[in-house]
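For the single chain, residues carry numbers from 1 onward in sequence order. Whatever order the structure lists ligands and atoms in, that order sets their numbers, starting from 1. Worth knowing before you read on, the calculation uses all heavy atoms, side chains too, and leaves out hydrogens, waters and symmetry mates.
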Amino acid sequence: MDNKYRIALAGNPNTGKSTLFNTLTGLKQHTGNWAGKTVEMKEGTFSHKGKSYSMIDLPGTYSLFSNSLDEETARNYIVFEKPDLTIVVLDGTALERNMNLALQVLEVTEKVIVCINLIDEAEKMGIRINEKLMMRRLGVPVIKISARNKTGLPMLLDTIERVISGVIPCSPIKITYDEETERKIDSLLPMVQKVFGERVPARWLSLRLLDGDQTLLEELKYRNGIKEALS
Ligand SMILES: Nc1nc2c(ncn2[C@@H]2O[C@H](COP(=O)(O)OP(=O)(O)O)[C@@H](O)[C@H]2O)c(=O)[nH]1
Ligand SMILES: [Mg+2]
């Protein structure tokens, strides 16, 4: 997997993640377990304009909290394995429900493409999506596709290349919380930065700690333990 750019596919269940994954990677796939967890994820490879990519189909989740092993697995991959790019696949017929995960991904990582799938279904239902406005609001590229009909894929592939190479800069929207929460973030942030440095996104981690995310704390201890044992 050396020299390949790594792309993670995140999304709610049934948004067409695996359809997109299969279309892009074809038969160049294998199944593996990541980070010692029991959840299986598929990894596949593809090339575009002379560059090689390795894509991982994360478990379908509604959030990146620690509600289930699937959510922990998806979160751990994005936060700790740090892919070069995360694509959030949204169901174009149920954008409102799907935005929750998209916003959470934008809180943990910078390089993100929001990919609105099932656009054929959405159009049939008379749903019109203003992706340019979404792009401006979210601060990352938004691409409409139909994974099943293979529409929008050339644009997606070009955008993948441009985001990873930095030609398209990403500046994800920063979600502002209520005053009290923001004050607490401000008081936690310096400590979090001191302990974790650049390894974990500090604002996001402060929020998770405020929320009392116990399994994330365990994960951090576990990973720090591994680092200390190796050094
Ligand atoms: N109409 C339509 N159906 C799609 C599209 N992409 C995927 N699907 C269908 O949506 C269902 C869920 O797809 P799947 O790839 O398994 O979703 P996943 O759970 O996110 O991996 C399947 O029946 C797909 O055939 C699309 O672009 N348009
Ligand atoms: Mg799937």
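- Atom 19 (O) of ligand 1 has its closest protein heavy atom at Asn14 N, 2.8 Å.
- Ligand 1 has no nitrogen or oxygen under 3.5 angstrom from a nitrogen or oxygen of Ile145.
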Before you tell me yes or no, could you show the steps for Thr61 and Asp70 under side-chain hydrogen bond (donor to acceptor under 3.5 Å, both in side chains), namely the whole-Å CA-CA distance, both residues' side-chain angles and the distance that decides it to 0.1 Å? CA-CA 7 Å; Thr61 61; Asp70 280 352; over 6 Å; no
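- Numbered from 1 in the order shown, with element, the atoms of ligand 1 that lie under 4.0 Å from a heavy atom of Ser146 read 26 (C), 27 (O), 28 (N).
- At the top of the distance list for atom 20 (O) of ligand 1, counting protein heavy atoms only, stands Lys17 N, 2.9 Å.
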Decide side-chain hydrogen bond (donor to acceptor under 3.5 Å, both in side chains) for Asn149 and Thr151; before the verdict, give the C-alpha distance in whole Å, the side-chain angles of both, and the deciding distance to 0.1 Å. CA-CA 6 Å; Asn149 300 344; Thr151 58; 5.6 Å; no
Pair Tyr77, Arg6 - check side-chain hydrogen bond (donor to acceptor under 3.5 Å, both in side chains), show working. CA-CA 11 Å; Tyr77 190 81; Arg6 286 182 304 123; 3.0 Å; yes
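- Around the Mg ion (ligand 2), the protein contributes the following N, O or S atoms at distances under 2.8 Å: Ser18 OG.
- Note that the CE atom of Met41 and the OG1 atom of Thr73 stand 6.0 Å from one another [nearest 0.5 Å].
- Those atoms of ligand 1 with a heavy atom of Glu121 less than 4.0 angstrom away are 1 (N).
- Between Leu153 and Thr23, some side-chain heavy-atom pair lies under the 4.5 Å cut-off.
- Under the 4.5 Å side-chain criterion, counting only non-hydrogen atoms from C-beta, Leu138 is not in contact with Pro172.
- Close contacts between ligand 1 and Ser18 involve ligand atoms 15 (O), 18 (P), 21 (O) [criterion: under 4.0 Å to a heavy atom].
- Counting protein heavy atoms under 4.0 angstrom from atom 10 (O) of ligand 1 gives zero.
- The shortest distance between side-chain heavy atoms of Leu101 and Tyr62 does not fall below 4.5 Å.
- Protein heavy atom in closest approach to atom 24 (C) of ligand 1: Thr19 OG1, 3.8 Å.
- Distance CD/Glu107 to CZ/Arg208: 9.0 Å, rounded to 0.5 Å.
- The heavy atom nearest to atom 8 (N) of ligand 1, out of those in Asn149, Leu118, Leu58, Thr151, is found in Leu118.
- Looking at ligand 1, you'll find an N or O of Gly16 within less than 3.5 Å of one of its N or O atoms.
- For the side chain to side chain contact (heavy atoms under 4.5 Å, CB included) with Leu64, the qualifying choice from Leu216, Asn76, Asn100, Val108 is Val108, the only one to do so.
- Counting heavy atoms closer than 4.0 Å to ligand 1, residue Arg148 contributes atoms from both its backbone and its side chain.
- Inside a 4.0 Å radius of atom 2 (C) of ligand 1 there is at least one protein heavy atom.
- Nearest protein neighbour of atom 28 (N) of ligand 1, counting heavy atoms only, is Asp120 OD1, 2.8 Å.
- Looking at Thr15 against ligand 1, both its backbone and its side chain come within 4.0 Å, counting heavy atoms.
- Atom CE of Met134 is separated from atom CD1 of Ile173 by 10.5 Å, given to the nearest 0.5 angstrom.
- Below 3.5 Å of separation, one finds an N or O of Asn117 facing an N or O of ligand 1.
- Using a 4.5 Å heavy-atom cutoff, the side chains of Thr176 and Glu182 are in contact.
- With contacts defined as side-chain heavy-atom distances shorter than 4.5 Å, the pair Leu95/Ile116 qualifies.
- With rounding to the nearest 0.5 angstrom, the CE atom of Met99 is 11.0 Å from the CG atom of Asn12.
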